[in-house]
Amino acid sequence: GADNTGVNPSSDAINEALADAKGDPGKVVFVPSGDYLIDASLVVPKGAHLKGGGKMNTRLRLDDGVNAPVIMSDYELNRGTTIFARVTDLFVDGNAANQDSADAHGIQWTANGYLGTSAATIFPEDYYGALQLNGYNHPVHTPNDREFWFDTYKDLQNLWIQNCKGDGVRLSGRAGISIQDVWCYTNHGRGFYCTYDTILINCVSGRSGYDGFYFPNSAVVASGCKAWWAGFTGPIDATNAHGFHMRAHSVSLTACTAQDNYSSGFMFNTGSSNCIAVGCNADSNSKGNAGAYTGFDFWDSVDNIVIGTGVDRYNDSVRYQAEAVRFRSNSIRNRVHLTNRYLNGDGVQPTRHIHGSSTRLEVNGQRSAQTYTATTGAYTPNPYLGNPVITLDGNLTINAPAGGHIGQTMTIDFVQDATGGRSLTWNSVYTLTRFSLDREASARSVVSFKYDGTKWREQSASLTTELRYA
């Protein structure tokens, strides 16, 4: 049997019990409290439940030089891998100092989720309804031709995974995994490397070598999760040392916190779109490269929604998190609403603002400006995208706004170019009383309106070449 003193290898005994549980839905392989030396990966087959005596009581330690995951799925090509398998209540130690391979993860789950035409011999038709759930591309035609894709449900719960040469949790394929109350700590790779259809609840990644949470695939949900000190274990790669790193569409985050990570708190990188982060907090990130990274960072990222907070809590001479949010490259059509409290920094770096692009930003109730350079032609303001700043390179017609509700306000800032002499023509929906455009070179003129349901009525006007914006 398995040796709970940690002296003699226990993989053979535990794997034998797991193999006996294969295809027996709900069968539990219980590993009592103690220390267990793992000299080969523990392989969890479909239907089996590998259960310990508690995440601080049953401790699995990878033996020197194994260079493989501590726990892995029973990956059988075209055999519907690890359906309804579970791993719970364990402490996993990857013994990173004595491994040479980055493939030595804490838990590795490779789920193909594909049933070939021989599916009838793999699962009975009534096996938890698996052959009737989540059909993907290949419908069931006959009892002997049940060939299709589906999400292969698995469950990881109440685990502590630390000190792995690779990732804490490494997922691939079509997963359908539920991960709850799992803590990954001091792993040299990423804390959580997720795949399609992963659900994370109350999970924590601390001091990972790379990103705390990495989402390269779509349809991931994370709630109540926290990433801290990503990038501070193992080799430093600032481009992959974020708290939460999105590189796919349709990732949903709620009530998640990124704190003291080496780079950005939340990185919406190339490929991320239609993601949503609600109630999320970016706290004092860019800790390893002060001033270089932000709380919420958008890079070639489109059509995302963020509602959250940003704070740099260190009230000293070092400014860590450069700003609450930054937009880079071709990030367009994003919606960001933040509150921020910076003891030693700004909410938004002025030179990294929004330049047109249909992005809407609001920080502490203040909207960003739309910037527009006008040659001859017409401009249609949209008050829901922020107040416009318009550089006049030619005469311009101001069309009726694209939207507005009763009580809506809008301020337009006009700047003459170095030549000056440009003029404006206003749509009849605007009621002007005092405003007069300064036509001197480089002059600035500002007018504010309020919408009464019919007209945009002037509320105030400023005409001065001394007016400047911070």
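Note that the coordinates shown come from a computational prediction; the quantities given were computed from them, not determined experimentally.
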Colleague: Rounded to the nearest 0.5 Å, what separation is found between the CG atom of Leu159 and the CG atom of Leu90?
Modeller: 6.0 Å
Colleague: Which heavy atom of Trp456 sits nearest a heavy atom of Phe449, and at what distance?
Modeller: O-CD2, 3.5 Å
Colleague: Taking side chain as C-beta onward, heavy atoms only, is Leu432 less than 4.5 Å from Val447?
Modeller: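 Yes; the side chains approach each other to less than 4.5 Å.
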Colleague: Judged by atom type as modelled, is there a donor-acceptor pair below 3.5 Å linking the side chain of Lys455 to the main-chain atoms of Ser428?
Modeller: yes
Colleague: Could you please spell out the steps behind the side-chain contact (heavy atoms from CB on, under 4.5 Å) verdict for Ile177 and Leu171?
Modeller: CA-CA 9 Å; Ile177 286 187; Leu171 311 176; 3.4 Å; yes
Colleague: Is the side chain of Gln416 donor-acceptor paired with the backbone N or O of Arg422 at a distance under 3.5 Å, no angle test?
Modeller: yes
Colleague: Run the side-chain contact (heavy atoms from CB on, under 4.5 Å) test on Ser205 and Trp183 for me, step by step, so that the C-alpha distance in whole Å, both residues' side-chain angles and the decisive distance to 0.1 Å come before the verdict.
Modeller: CA-CA 6 Å; Ser205 175; Trp183 188 299; over 6 Å; no
Colleague: Start with the C-alpha distance between Asn395 and Ser423, add both sets of side-chain angles, then the distance that settles side chain to side chain donor-acceptor pair (under 3.5 Å), and finish with yes or no.
Modeller: CA-CA 5 Å; Asn395 300 330; Ser423 63; 3.2 Å; yes
Colleague: Hey, are the side chains of Leu253 and Phe215 touching, using non-hydrogen atoms and a 4.5 Å cut-off?
Modeller: yes
Colleague: What is the minimum heavy-atom distance between Val204 and Phe192, and which atoms define it?
Modeller: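 So the two residues come closest at O-CE1, 3.4 Å.
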Colleague: Can any side-chain N or O of Thr294 pair as donor or acceptor with the backbone N or O of Val325 at less than 3.5 Å?
Modeller: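 Flag not set: sc Thr294 to bb Val325 has no pair under 3.5 Å.
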Colleague: Check whether any side-chain heavy atom of Tyr320 sits under 4.5 Å from a side-chain heavy atom of Asp260, and report yes or no.
Modeller: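 When only atoms from C-beta onward are counted, Asp260 and Tyr320 do not touch, as no gap falls below 4.5 Å.
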Colleague: Can you confirm whether the side chains of Asn281 and Thr309 place a donor and an acceptor under 3.5 Å from each other?
Modeller: yes
Colleague: State whether the side chain of Asn187 and the backbone N or O of Asn163 hold a donor-acceptor pair below 3.5 Å, judged by distance alone.
Modeller: yes
Colleague: As an exercise, state the distance from OH of Tyr214 to OH of Tyr193, rounded to the nearest 0.5 Å.
Modeller: 5.0 Å
Colleague: Are the side chains of Gln259 and Ser284 in touch, meaning some heavy atoms are under 4.5 Å apart?
Modeller: no
Colleague: Report all side-chain donor-acceptor pairs from residues 230-241 shorter than 3.5 Å, counting only partners two or more places apart or in another chain.
Modeller:
{"residue": "Thr233", "atom": "OG1", "partner": "Arg207", "partner atom": "O", "Å": "2.5"}
{"residue": "Asp237", "atom": "OD1", "partner": "Thr239", "partner atom": "N", "Å": "3.2"}
{"residue": "Asp237", "atom": "OD1", "partner": "Thr239", "partner atom": "OG1", "Å": "2.7"}
{"residue": "Asp237", "atom": "OD2", "partner": "Asn240", "partner atom": "ND2", "Å": "3.0"}
{"residue": "Asn240", "atom": "OD1", "partner": "Arg190", "partner atom": "NH2", "Å": "3.2"}

Colleague: Using atom types as modelled and distance alone, determine if a side-chain donor or acceptor of Gln321 lies under 3.5 Å from a backbone N or O of Tyr293.
Modeller: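 No: the side chain of Gln321 does not pair with the backbone of Tyr293.
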Colleague: Just how far is it from atom CG of Asp300 to atom CZ of Arg247, taken to the nearest 0.5 Å?
Modeller: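 Taking CG in Asp300 and CZ in Arg247, the distance rounds to 9.0 Å.
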Colleague: Give every residue pair that meets the salt bridge (Lys or Arg N to Asp or Glu O under 4.0 Å) criterion with at least one member in residues 278-291, sequence neighbours excluded.
Modeller: Asp283-Arg313
Colleague: Pair Ser101, Asn67 - check side chain to side chain donor-acceptor pair (under 3.5 Å), show working.
Modeller: CA-CA 5 Å; Ser101 173; Asn67 294 314; 5.3 Å; no
Colleague: With rounding to the nearest 0.5 Å, note down the distance linking SG in Cys194 to CG in Leu200.
Modeller: 4.5 Å
Colleague: Only counting residues at least two apart or in another chain, list the ones meeting salt bridge (charged side-chain N to carboxylate O under 4.0 Å, His left out) with Asp181.
Modeller: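 Applying salt bridge (charged side-chain N to carboxylate O under 4.0 Å, His left out) to Asp181 gives none.
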Colleague: Under 3.5 Å, is there a donor-acceptor pair between the Ser445 and Asp438 side chains?
Modeller: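 Per modelled atom types, Ser445 and Asp438 side chains form no pair under 3.5 Å.
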Colleague: With rounding to the nearest 0.5 Å, note down the distance linking CD1 in Ile179 to CD1 in Ile107.
Modeller: 8.0 Å
Colleague: Look up atom NE2 in His188 and atom NE2 in His105, then write down how far apart they are to the nearest 0.5 Å.
Modeller: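 Going from NE2 on His188 over to NE2 on His105, the span is 13.5 Å.
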Colleague: Provide the closest heavy-atom pair for Cys225 versus Phe244 in the form atom of the first, atom of the second, distance.
Modeller: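 Result for this residue pair: O-CZ, 3.8 Å.
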Colleague: Quick one: does Asp155's side chain get under 4.5 Å of Ser178's, heavy atoms only?
Modeller: yes
Colleague: Say whether, by atom type as modelled, one donor and one acceptor occur between the side chain of Gln408 and the main chain of Tyr451 under 3.5 angstrom.
Modeller: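 Checked: no pair found.
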Colleague: Is it the case that more than 12 heavy atoms not belonging to Trp229 sit under 6.0 Å from its CH2 atom?
Modeller: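 No, the 6.0 Å shell around CH2 holds no more than 12 heavy atoms from other groups.
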Colleague: Does any non-hydrogen side-chain atom of Thr88 lie less than 4.5 Å from one of His49?
Modeller: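 Answer yes - side chains close enough.
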Colleague: Is the side chain of Asn269 donor-acceptor paired with the backbone N or O of Met267 at a distance under 3.5 Å, no angle test?
Modeller: no
Colleague: Is the closest side-chain donor-acceptor distance between Ser272 and Ser301 under 3.5 Å?
Modeller: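 There is such a pair between these side chains.
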Colleague: For Trp299, look at atom CH2 and say whether over 12 heavy atoms of other residues, nucleotides or ligands are found less than 6.0 Å away.
Modeller: no
Colleague: Verify side-chain contact (heavy atoms from CB on, under 4.5 Å) between Asp297 and His242, making sure each step is shown before the conclusion.
Modeller: CA-CA 10 Å; Asp297 206 337; His242 311 290; 5.7 Å; no
Colleague: Shortest non-hydrogen contact from Tyr430 to Pro401?
Modeller: OH-CD, 3.2 Å
Colleague: Do you know the tightest heavy-atom contact between Ala222 and Cys256?
Modeller: O-SG, 3.7 Å
Colleague: If you apply the rule side-chain contact (heavy atoms from CB on, under 4.5 Å), what do you find for Asn304 with Arg335, and how did you get there?
Modeller: CA-CA 6 Å; Asn304 302 291; Arg335 298 291 182 267; over 6 Å; no
Colleague: Is any side-chain heavy atom of Arg444 less than 4.5 Å from a side-chain heavy atom of Val389?
Modeller: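 Heavy-atom side-chain distance check passes, below 4.5 Å.
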Colleague: Below 4.5 Å, heavy atoms only, C-beta onward: do Phe268 and Val306 meet side chain to side chain?
Modeller: yes
Colleague: Measure from the side-chain N and O atoms of Gln108 to the backbone N and O of Ser73, and report whether any donor-acceptor pair falls under 3.5 Å.
Modeller: no
Colleague: Looking at every heavy atom in both Ser286 and Gly291, which two are closest together, and how far apart are they?
Modeller: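 Closest approach of Ser286 to Gly291, heavy atoms only: OG-N, 3.7 Å.
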Colleague: Donor-acceptor pair, Asn334 side chain versus Ile332 backbone, under 3.5 Å?
Modeller: yes
Colleague: Checking the side chain of His245 only, and the main-chain atoms of Asp211 only, is there a donor and an acceptor separated by less than 3.5 Å?
Modeller: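 Answer holds: no.
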Colleague: The test is side chain to side chain donor-acceptor pair (under 3.5 Å); show your working for Asn158 and Asp89 and say whether it passes.
Modeller: CA-CA 5 Å; Asn158 196 34; Asp89 306 301; 2.6 Å; yes
